[in-house]
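Below, all heavy atoms of this structure are taken into account, side chains as well, without hydrogens, waters or symmetry copies. Chain identifiers are assigned alphabetically (A, B, ...) following the order of the sequence lines, protein sequences preceding nucleic acid strands; residue numbering begins at 1 within each chain.
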Protein chains: 2
Amino acid sequence: MPLVEKIQNLSALSPGAVDWLKNNIEALSFKKNDLILKEGKVCNYLYYIKSGMAGGYYQTKDQEICNWIAAENDFATSYYSFISREASYESIACFENTEVQAISYEKINTLYKLFPESERAGRLILEDYYSRLEERLISIQFKSAKERYDTLFEKRSEIIKRAPLGRIATYLGMKQETLSRIRAGK
Amino acid sequence: MPLVEKIQNLSALSPGAVDWLKNNIEALSFKKNDLILKEGKVCNYLYYIKSGMAGGYYQTKDQEICNWIAAENDFATSYYSFISREASYESIACFENTEVQAISYEKINTLYKLFPESERAGRLILEDYYSRLEERLISIQFKSAKERYDTLFEKRSEIIKRAPLGRIATYLGMKQETLSRIRAGK
DNA sequence: CGTATTATTTGATTTAGGTCAAAAGCTGTT
DNA sequence: AACAGCTTTTGACCTAAATCAAATAATACG
(Lines give C-alpha, C1' and ligand atoms only; values in the text may rest on other atoms or scores of the structure.)
Protein backbone atom coordinates (compact mmCIF):
# COMPACT_ATOMS: atom_id res chain seq x y z
CA MET A 1 0.00 0.00 0.00
CA PRO A 2 1.56 3.29 -1.05
CA LEU A 3 1.78 6.23 1.33
CA VAL A 4 -1.10 8.19 -0.17
CA GLU A 5 -3.44 5.24 0.18
CA LYS A 6 -2.29 4.65 3.75
CA ILE A 7 -3.08 8.27 4.60
CA GLN A 8 -6.45 7.99 2.89
CA ASN A 9 -7.23 5.04 5.14
CA LEU A 10 -6.61 7.20 8.19
CA SER A 11 -8.77 10.06 7.07
CA ALA A 12 -10.28 10.82 3.66
CA LEU A 13 -8.49 13.49 1.64
CA SER A 14 -9.90 15.62 -1.15
CA PRO A 15 -8.78 14.75 -4.71
CA GLY A 16 -6.79 17.98 -4.72
CA ALA A 17 -4.87 16.97 -1.62
CA VAL A 18 -4.19 13.53 -3.07
CA ASP A 19 -2.79 15.03 -6.26
CA TRP A 20 -0.68 17.50 -4.40
CA LEU A 21 0.69 14.78 -2.16
CA LYS A 22 1.56 12.54 -5.09
CA ASN A 23 3.64 15.35 -6.55
CA ASN A 24 5.44 16.10 -3.33
CA ILE A 25 6.42 12.73 -1.98
CA GLU A 26 10.00 11.61 -2.50
CA ALA A 27 10.95 7.99 -3.09
CA LEU A 28 14.23 6.87 -1.54
CA SER A 29 16.22 3.66 -1.51
CA PHE A 30 18.52 2.46 1.25
CA LYS A 31 20.81 -0.52 1.59
CA LYS A 32 21.00 -2.76 4.61
CA ASN A 33 22.78 -0.98 7.49
CA ASP A 34 22.43 2.45 5.84
CA LEU A 35 21.56 5.27 8.20
CA ILE A 36 18.36 7.13 7.33
CA LEU A 37 18.95 9.61 10.12
CA LYS A 38 22.05 10.24 12.20
CA GLU A 39 21.72 11.09 15.87
CA GLY A 40 22.27 14.82 16.45
CA LYS A 41 20.48 15.95 13.26
CA VAL A 42 16.98 17.32 13.10
CA CYS A 43 14.62 14.79 11.54
CA ASN A 44 13.07 16.60 8.60
CA TYR A 45 11.07 13.76 7.13
CA LEU A 46 8.18 11.57 7.90
CA TYR A 47 9.16 8.29 6.28
CA TYR A 48 6.89 5.50 5.18
CA ILE A 49 8.30 2.07 4.48
CA LYS A 50 7.30 0.44 1.21
CA SER A 51 9.60 -2.54 1.62
CA GLY A 52 12.31 -3.55 4.03
CA MET A 53 12.74 -2.81 7.70
CA ALA A 54 14.23 -0.02 9.78
CA GLY A 55 14.58 0.91 13.40
CA GLY A 56 15.30 3.84 15.68
CA TYR A 57 17.85 3.49 18.45
CA TYR A 58 19.89 5.63 20.76
CA GLN A 59 23.21 5.28 22.47
CA THR A 60 23.56 4.88 26.22
CA LYS A 61 26.81 4.62 28.14
CA ASP A 62 27.30 1.01 27.23
CA GLN A 63 24.81 -0.04 24.60
CA GLU A 64 22.45 0.94 21.82
CA ILE A 65 18.79 0.81 22.75
CA CYS A 66 16.19 0.24 20.09
CA ASN A 67 13.11 2.44 20.42
CA TRP A 68 11.02 1.15 17.60
CA ILE A 69 11.14 -1.15 14.61
CA ALA A 70 9.10 -0.46 11.49
CA ALA A 71 8.37 -2.70 8.51
CA GLU A 72 6.30 -2.50 5.32
CA ASN A 73 3.43 0.00 5.52
CA ASP A 74 4.67 1.49 8.77
CA PHE A 75 5.53 5.10 9.34
CA ALA A 76 9.02 5.79 10.62
CA THR A 77 10.47 9.00 11.95
CA SER A 78 12.23 10.39 14.95
CA TYR A 79 8.94 11.65 16.33
CA TYR A 80 10.14 14.05 18.93
CA SER A 81 12.75 15.65 16.70
CA PHE A 82 10.28 15.85 13.84
CA ILE A 83 7.63 17.70 15.82
CA SER A 84 9.93 19.80 17.99
CA ARG A 85 12.51 20.61 15.27
CA GLU A 86 15.28 19.77 17.70
CA ALA A 87 18.29 17.48 17.22
CA SER A 88 17.32 13.82 17.36
CA TYR A 89 18.84 11.72 20.10
CA GLU A 90 18.10 8.64 18.08
CA SER A 91 19.47 7.33 14.81
CA ILE A 92 17.43 5.45 12.26
CA ALA A 93 19.05 2.56 10.43
CA CYS A 94 17.87 0.02 7.89
CA PHE A 95 17.90 -3.60 8.98
CA GLU A 96 17.38 -4.70 5.38
CA ASN A 97 17.51 -3.05 1.98
CA THR A 98 14.64 -0.63 2.31
CA GLU A 99 12.46 1.43 -0.02
CA VAL A 100 10.74 4.41 1.55
CA GLN A 101 8.49 7.25 0.63
CA ALA A 102 9.22 10.48 2.45
CA ILE A 103 7.55 13.80 2.95
CA SER A 104 9.36 16.72 4.50
CA TYR A 105 8.25 18.74 7.49
CA GLU A 106 7.90 21.81 5.28
CA LYS A 107 5.81 20.03 2.71
CA ILE A 108 3.52 18.64 5.37
CA ASN A 109 2.94 22.13 6.65
CA THR A 110 2.24 23.36 3.15
CA LEU A 111 -0.23 20.50 2.78
CA TYR A 112 -1.97 21.56 6.00
CA LYS A 113 -2.27 25.13 4.72
CA LEU A 114 -3.51 24.18 1.28
CA PHE A 115 -5.85 21.40 2.45
CA PRO A 116 -6.91 21.93 6.04
CA GLU A 117 -8.75 18.61 6.16
CA SER A 118 -5.34 16.92 6.02
CA GLU A 119 -4.58 18.13 9.55
CA ARG A 120 -6.70 15.35 10.88
CA ALA A 121 -4.61 12.66 9.22
CA GLY A 122 -1.45 14.34 10.47
CA ARG A 123 -2.76 14.39 13.99
CA LEU A 124 -3.77 10.74 13.80
CA ILE A 125 -0.30 9.68 12.71
CA LEU A 126 1.30 11.56 15.57
CA GLU A 127 -1.22 10.34 18.13
CA ASP A 128 -0.43 6.84 17.06
CA TYR A 129 3.20 7.47 17.98
CA TYR A 130 2.19 8.71 21.37
CA SER A 131 0.00 5.75 22.15
CA ARG A 132 2.63 3.29 21.01
CA LEU A 133 5.02 4.91 23.46
CA GLU A 134 2.47 4.57 26.24
CA GLU A 135 1.88 0.92 25.44
CA ARG A 136 5.58 0.27 25.49
CA LEU A 137 5.97 1.87 28.90
CA ILE A 138 3.13 -0.20 30.33
CA SER A 139 4.52 -3.35 28.80
CA ILE A 140 8.00 -2.79 30.19
CA GLN A 141 6.70 -1.84 33.59
CA PHE A 142 4.27 -4.70 34.14
CA LYS A 143 4.90 -7.60 31.85
CA SER A 144 7.51 -10.29 32.22
CA ALA A 145 10.17 -10.72 29.56
CA LYS A 146 8.34 -13.73 28.15
CA GLU A 147 5.01 -11.87 27.99
CA ARG A 148 6.65 -8.99 26.16
CA TYR A 149 8.13 -11.37 23.66
CA ASP A 150 4.82 -13.19 23.18
CA THR A 151 2.95 -9.94 22.61
CA LEU A 152 5.42 -8.86 19.95
CA PHE A 153 5.24 -12.28 18.38
CA GLU A 154 1.45 -12.05 18.10
CA LYS A 155 1.26 -8.46 16.97
CA ARG A 156 4.35 -8.15 14.82
CA SER A 157 5.68 -11.56 13.92
CA GLU A 158 7.55 -10.10 10.92
CA ILE A 159 9.74 -8.21 13.39
CA ILE A 160 10.53 -11.36 15.36
CA LYS A 161 11.37 -13.13 12.14
CA ARG A 162 13.41 -10.48 10.38
CA ALA A 163 14.94 -8.00 12.82
CA PRO A 164 18.35 -8.68 14.42
CA LEU A 165 18.01 -10.40 17.80
CA GLY A 166 20.07 -7.78 19.60
CA ARG A 167 17.73 -5.03 18.38
CA ILE A 168 14.62 -6.95 19.34
CA ALA A 169 16.09 -7.56 22.80
CA THR A 170 16.80 -3.91 23.55
CA TYR A 171 13.46 -2.93 22.04
CA LEU A 172 11.76 -5.34 24.45
CA GLY A 173 13.87 -4.13 27.35
CA MET A 174 15.79 -7.30 28.05
CA LYS A 175 19.22 -8.78 27.46
CA GLN A 176 19.96 -10.67 24.31
CA GLU A 177 20.72 -13.82 26.31
CA THR A 178 17.30 -13.64 27.93
CA LEU A 179 15.58 -13.27 24.57
CA SER A 180 17.54 -16.18 23.18
CA ARG A 181 16.48 -18.38 26.10
CA ILE A 182 12.85 -17.33 25.78
CA ARG A 183 12.91 -18.11 22.12
CA ALA A 184 14.38 -21.54 22.84
CA GLY A 185 11.52 -22.09 25.30
CA LYS A 186 13.68 -22.43 28.41
CA MET B 1 2.44 32.05 38.95
CA PRO B 2 -0.99 32.16 37.30
CA LEU B 3 -1.73 30.21 34.16
CA VAL B 4 -1.56 33.16 31.78
CA GLU B 5 1.88 34.08 33.01
CA LYS B 6 3.03 30.46 32.74
CA ILE B 7 1.89 30.36 29.12
CA GLN B 8 3.59 33.69 28.43
CA ASN B 9 6.83 32.15 29.70
CA LEU B 10 6.53 29.39 27.12
CA SER B 11 5.86 31.66 24.20
CA ALA B 12 4.93 35.34 24.11
CA LEU B 13 1.27 36.11 23.45
CA SER B 14 -0.25 39.29 22.07
CA PRO B 15 -2.11 41.53 24.55
CA GLY B 16 -5.35 40.54 22.82
CA ALA B 17 -4.69 36.85 23.41
CA VAL B 18 -3.81 37.50 27.04
CA ASP B 19 -7.08 39.38 27.58
CA TRP B 20 -9.10 36.75 25.85
CA LEU B 21 -7.48 34.02 27.91
CA LYS B 22 -8.10 35.83 31.17
CA ASN B 23 -11.80 35.97 30.35
CA ASN B 24 -12.02 32.33 29.39
CA ILE B 25 -10.15 30.52 32.10
CA GLU B 26 -12.19 28.86 34.83
CA ALA B 27 -11.03 28.68 38.43
CA LEU B 28 -11.95 25.48 40.29
CA SER B 29 -11.45 24.20 43.80
CA PHE B 30 -11.10 20.57 44.84
CA LYS B 31 -10.80 18.88 48.19
CA LYS B 32 -8.29 16.19 49.06
CA ASN B 33 -9.27 12.88 47.38
CA ASP B 34 -11.74 14.56 44.98
CA LEU B 35 -11.69 13.23 41.46
CA ILE B 36 -10.95 15.84 38.80
CA LEU B 37 -11.50 13.31 36.03
CA LYS B 38 -13.06 9.88 36.18
CA GLU B 39 -11.66 7.07 34.05
CA GLY B 40 -13.93 6.46 31.04
CA LYS B 41 -14.77 10.13 30.43
CA VAL B 42 -13.22 12.31 27.77
CA CYS B 43 -10.87 14.82 29.34
CA ASN B 44 -12.16 18.20 28.18
CA TYR B 45 -9.82 20.43 30.12
CA LEU B 46 -6.24 21.36 30.34
CA TYR B 47 -5.75 22.00 34.05
CA TYR B 48 -3.11 24.09 35.70
CA ILE B 49 -2.41 23.72 39.38
CA LYS B 50 -2.26 26.91 41.44
CA SER B 51 -1.96 25.16 44.77
CA GLY B 52 -2.15 21.60 45.96
CA MET B 53 -1.21 18.37 44.26
CA ALA B 54 -2.91 15.92 41.92
CA GLY B 55 -2.06 12.79 40.04
CA GLY B 56 -3.20 10.63 37.16
CA TYR B 57 -3.50 6.89 37.62
CA TYR B 58 -5.09 3.91 35.96
CA GLN B 59 -6.40 0.60 37.15
CA THR B 60 -4.73 -2.70 36.32
CA LYS B 61 -5.96 -6.13 37.30
CA ASP B 62 -4.63 -5.80 40.81
CA GLN B 63 -3.49 -2.27 41.47
CA GLU B 64 -3.69 1.40 40.58
CA ILE B 65 -0.68 2.71 38.71
CA CYS B 66 0.21 6.36 38.94
CA ASN B 67 1.22 7.92 35.63
CA TRP B 68 2.14 11.38 36.74
CA ILE B 69 2.03 13.68 39.73
CA ALA B 70 1.63 17.42 39.35
CA ALA B 71 2.08 20.19 41.91
CA GLU B 72 1.95 23.99 41.92
CA ASN B 73 2.58 25.57 38.50
CA ASP B 74 2.33 22.24 36.70
CA PHE B 75 -0.07 21.43 33.93
CA ALA B 76 -2.28 18.43 34.50
CA THR B 77 -4.51 16.64 32.05
CA SER B 78 -5.15 13.23 30.64
CA TYR B 79 -3.00 14.01 27.66
CA TYR B 80 -4.03 11.28 25.31
CA SER B 81 -7.75 11.70 25.97
CA PHE B 82 -7.45 15.46 25.68
CA ILE B 83 -5.80 15.40 22.28
CA SER B 84 -7.60 12.41 20.82
CA ARG B 85 -11.05 13.19 22.28
CA GLU B 86 -11.39 9.58 23.37
CA ALA B 87 -12.35 8.19 26.78
CA SER B 88 -9.55 8.49 29.29
CA TYR B 89 -8.15 5.28 30.74
CA GLU B 90 -6.78 7.25 33.63
CA SER B 91 -8.46 9.09 36.47
CA ILE B 92 -7.13 12.29 38.00
CA ALA B 93 -7.40 12.74 41.75
CA CYS B 94 -6.29 15.39 44.20
CA PHE B 95 -3.72 14.34 46.79
CA GLU B 96 -4.35 17.56 48.72
CA ASN B 97 -6.93 20.34 48.63
CA THR B 98 -6.19 21.79 45.23
CA GLU B 99 -6.91 25.03 43.38
CA VAL B 100 -6.75 24.83 39.63
CA GLN B 101 -7.26 26.98 36.60
CA ALA B 102 -8.77 25.20 33.65
CA ILE B 103 -9.31 25.87 29.99
CA SER B 104 -11.53 23.69 27.87
CA TYR B 105 -10.58 21.94 24.65
CA GLU B 106 -13.08 24.07 22.76
CA LYS B 107 -11.81 27.31 24.19
CA ILE B 108 -8.24 26.39 23.35
CA ASN B 109 -9.27 25.81 19.78
CA THR B 110 -11.07 29.13 19.69
CA LEU B 111 -7.90 30.72 21.05
CA TYR B 112 -5.88 29.14 18.25
CA LYS B 113 -8.28 30.48 15.65
CA LEU B 114 -8.44 33.97 17.09
CA PHE B 115 -4.73 34.24 17.89
CA PRO B 116 -2.69 31.92 15.69
CA GLU B 117 0.53 32.74 17.55
CA SER B 118 -0.89 30.85 20.52
CA GLU B 119 -0.54 27.55 18.63
CA ARG B 120 3.12 27.56 19.46
CA ALA B 121 2.48 27.62 23.21
CA GLY B 122 -0.08 24.86 22.82
CA ARG B 123 2.36 22.72 20.92
CA LEU B 124 5.07 23.30 23.52
CA ILE B 125 2.80 22.17 26.34
CA LEU B 126 1.91 19.00 24.52
CA GLU B 127 5.49 18.28 23.46
CA ASP B 128 6.47 18.57 27.06
CA TYR B 129 4.04 15.77 27.87
CA TYR B 130 5.54 13.60 25.20
CA SER B 131 9.08 14.10 26.35
CA ARG B 132 8.17 13.43 29.97
CA LEU B 133 6.71 10.11 28.86
CA GLU B 134 9.91 9.29 26.99
CA GLU B 135 12.03 10.14 30.00
CA ARG B 136 9.89 7.97 32.20
CA LEU B 137 10.24 5.01 29.84
CA ILE B 138 14.01 5.37 29.76
CA SER B 139 14.17 5.71 33.50
CA ILE B 140 12.08 2.60 34.12
CA GLN B 141 13.96 0.61 31.55
CA PHE B 142 17.50 1.44 32.60
CA LYS B 143 17.72 2.85 36.06
CA SER B 144 17.66 0.95 39.32
CA ALA B 145 14.87 1.59 41.80
CA LYS B 146 17.22 3.67 43.94
CA GLU B 147 18.37 5.77 40.99
CA ARG B 148 14.78 6.46 40.02
CA TYR B 149 14.00 7.58 43.54
CA ASP B 150 17.10 9.77 43.70
CA THR B 151 16.25 11.43 40.40
CA LEU B 152 12.75 12.25 41.57
CA PHE B 153 14.15 13.51 44.85
CA GLU B 154 16.49 15.89 43.05
CA LYS B 155 14.06 17.08 40.43
CA ARG B 156 10.78 17.08 42.33
CA SER B 157 11.43 16.93 46.04
CA GLU B 158 7.96 18.37 46.74
CA ILE B 159 6.48 15.18 45.32
CA ILE B 160 8.62 13.00 47.55
CA LYS B 161 7.62 15.09 50.54
CA ARG B 162 3.92 15.46 49.91
CA ALA B 163 2.53 12.69 47.70
CA PRO B 164 1.31 9.40 49.23
CA LEU B 165 4.02 6.78 49.30
CA GLY B 166 1.93 4.22 47.44
CA ARG B 167 1.41 6.67 44.56
CA ILE B 168 5.06 7.58 44.40
CA ALA B 169 5.96 3.88 44.34
CA THR B 170 3.72 3.00 41.39
CA TYR B 171 4.79 6.19 39.62
CA LEU B 172 8.40 5.08 39.98
CA GLY B 173 7.56 1.54 38.91
CA MET B 174 8.37 -0.26 42.13
CA LYS B 175 6.61 -1.78 45.11
CA GLN B 176 5.76 0.32 48.10
CA GLU B 177 7.94 -1.88 50.31
CA THR B 178 10.90 -1.28 48.03
CA LEU B 179 10.36 2.47 48.14
CA SER B 180 10.09 2.38 51.91
CA ARG B 181 13.38 0.50 52.19
CA ILE B 182 15.13 2.86 49.77
CA ARG B 183 13.90 5.81 51.76
CA ALA B 184 15.18 4.21 54.97
CA GLY B 185 18.55 3.80 53.25
CA LYS B 186 18.67 0.01 53.38
C1' DC C 1 35.43 -22.26 -1.10
C1' DG C 2 37.70 -21.37 3.50
C1' DT C 3 38.59 -18.27 6.92
C1' DA C 4 37.35 -14.04 9.63
C1' DT C 5 33.77 -11.72 11.77
C1' DT C 6 29.52 -11.15 13.75
C1' DA C 7 25.31 -13.05 15.71
C1' DT C 8 23.23 -16.40 18.64
C1' DT C 9 23.02 -19.92 22.11
C1' DT C 10 24.15 -22.27 26.35
C1' DG C 11 25.85 -22.79 31.14
C1' DA C 12 26.89 -21.28 35.86
C1' DT C 13 26.24 -17.81 39.13
C1' DT C 14 24.57 -13.51 41.27
C1' DT C 15 21.38 -10.01 42.58
C1' DA C 16 17.70 -6.47 42.65
C1' DG C 17 13.50 -6.26 43.72
C1' DG C 18 9.17 -8.82 44.43
C1' DT C 19 6.09 -11.49 47.67
C1' DC C 20 3.93 -12.56 51.88
C1' DA C 21 3.09 -11.60 56.56
C1' DA C 22 3.13 -8.93 60.53
C1' DA C 23 4.13 -4.87 63.32
C1' DA C 24 4.20 0.03 64.08
C1' DG C 25 2.70 4.79 63.07
C1' DC C 26 -0.76 8.16 61.73
C1' DT C 27 -5.23 10.57 61.16
C1' DG C 28 -9.71 11.44 61.74
C1' DT C 29 -14.05 10.74 64.38
C1' DT C 30 -17.16 10.40 68.14
C1' DA D 1 -8.78 9.75 74.87
C1' DA D 2 -9.84 5.60 72.40
C1' DC D 3 -10.90 3.19 68.64
C1' DA D 4 -11.10 2.17 63.50
C1' DG D 5 -9.04 2.35 59.42
C1' DC D 6 -5.56 3.81 56.98
C1' DT D 7 -0.37 4.25 55.61
C1' DT D 8 4.29 3.04 56.25
C1' DT D 9 7.93 0.11 57.94
C1' DT D 10 10.32 -4.16 58.85
C1' DG D 11 11.60 -9.07 58.34
C1' DA D 12 12.28 -13.51 55.97
C1' DC D 13 12.31 -15.62 51.85
C1' DC D 14 12.01 -16.31 46.65
C1' DT D 15 12.43 -15.65 41.73
C1' DA D 16 13.10 -13.42 37.14
C1' DA D 17 16.42 -11.73 34.75
C1' DA D 18 21.21 -9.88 34.70
C1' DT D 19 26.02 -10.96 34.45
C1' DC D 20 30.09 -13.30 33.08
C1' DA D 21 32.19 -16.58 30.19
C1' DA D 22 32.55 -19.71 26.61
C1' DA D 23 30.85 -22.49 22.78
C1' DT D 24 28.38 -22.72 18.42
C1' DA D 25 26.19 -21.08 14.32
C1' DA D 26 25.58 -17.95 10.58
C1' DT D 27 27.28 -14.53 7.25
C1' DA D 28 30.33 -12.00 4.62
C1' DC D 29 34.37 -11.47 2.00
C1' DG D 30 38.88 -12.10 -0.25
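- Between the CD1 atom of Ile140(B) and the P atom of dA16(C) there is a distance of 18 Å, rounded to whole Å.
- We find that CD of Gln141(A) is positioned 20 Å from P of dA16(C), with the value rounded to whole Å.
- Protein atom CE of Met174(A) is 15 Å distant from nucleotide atom C1' of dT8(C), rounded to whole Å.
- Between Lys32(A) atom NZ and dA28(D) atom C1' there is a gap of 9 Å when expressed in whole angstrom units.
- Residue Ala145(A) is the one, among Glu177(A) and Ala145(A), whose nearest nucleotide of DNA chain D lies closer to the 5' end (criterion: closest heavy atom).
- At a threshold of 4.5 Å between side-chain heavy atoms, the hydrophobic network of Ile, Leu, Val, Met, Phe, Trp and Tyr places Leu114(A) and Leu3(A) in one connected group.
- For dT19(D), its base sits under 3.5 Å from the side chain of Arg181(A) at one donor and acceptor pair at least.
- Shortest non-hydrogen contact noted between Ala145(B) and Met174(B) is O-CE, 3.3 Å.
- Evaluation of atom-type donor-acceptor distances gives no pair under 3.5 Å for the side chain of Arg183(B) against the base of dT10(D).
- Whole-Å rounding puts the Arg167(A) CZ to dT8(C) P distance at 11 Å.
- Atom CD in Gln176(A) sits roughly 14 Å away from atom C1' in dA21(D) (whole-Å rounding).
- For the contact set between residues 157-166 of chain A and DNA chain D, defined by any heavy atom under 4.0 Å, there are no members.
- In summary, Glu135(B) and Lys155(B) engage in a salt bridge, as defined by a charged side-chain N under 4.0 Å from a carboxylate O.
- An OP1 or OP2 oxygen of dT19(D) is reached within less than 4.0 angstrom by a side-chain nitrogen or oxygen of Lys175(A).
- As rounded to whole Å, 18 Å separates atom P of dA18(D) from atom NZ of Lys143(B).
- The residues Arg167(B) and Glu64(B) are annotated as salt-bridged, a charged nitrogen and a carboxylate oxygen being separated by less than 4.0 angstrom.
- In summary, Glu158(A) and Arg156(A) engage in a salt bridge, as defined by a charged side-chain N under 4.0 Å from a carboxylate O.
- Contact annotation: Ser180(A) reaches the phosphate of dT9(C) (side-chain N/O to OP1 or OP2, under 4.0 Å).
- Rounded to a whole Å, the CZ atom of Phe95(A) is 16 Å from the C1' atom of dT6(C).
- Applying the under-4.5 Å side-chain rule to Ile, Leu, Val, Met, Phe, Trp and Tyr, the cluster around Ile138(B) extends to Tyr58(A), Ile65(A), Tyr89(A), Phe142(B).
- When each of Ile92(B), Ile159(B), Leu133(B) is checked for a side chain to side chain contact (heavy atoms under 4.5 Å, CB included) with Trp68(B), only Ile92(B) meets the rule.
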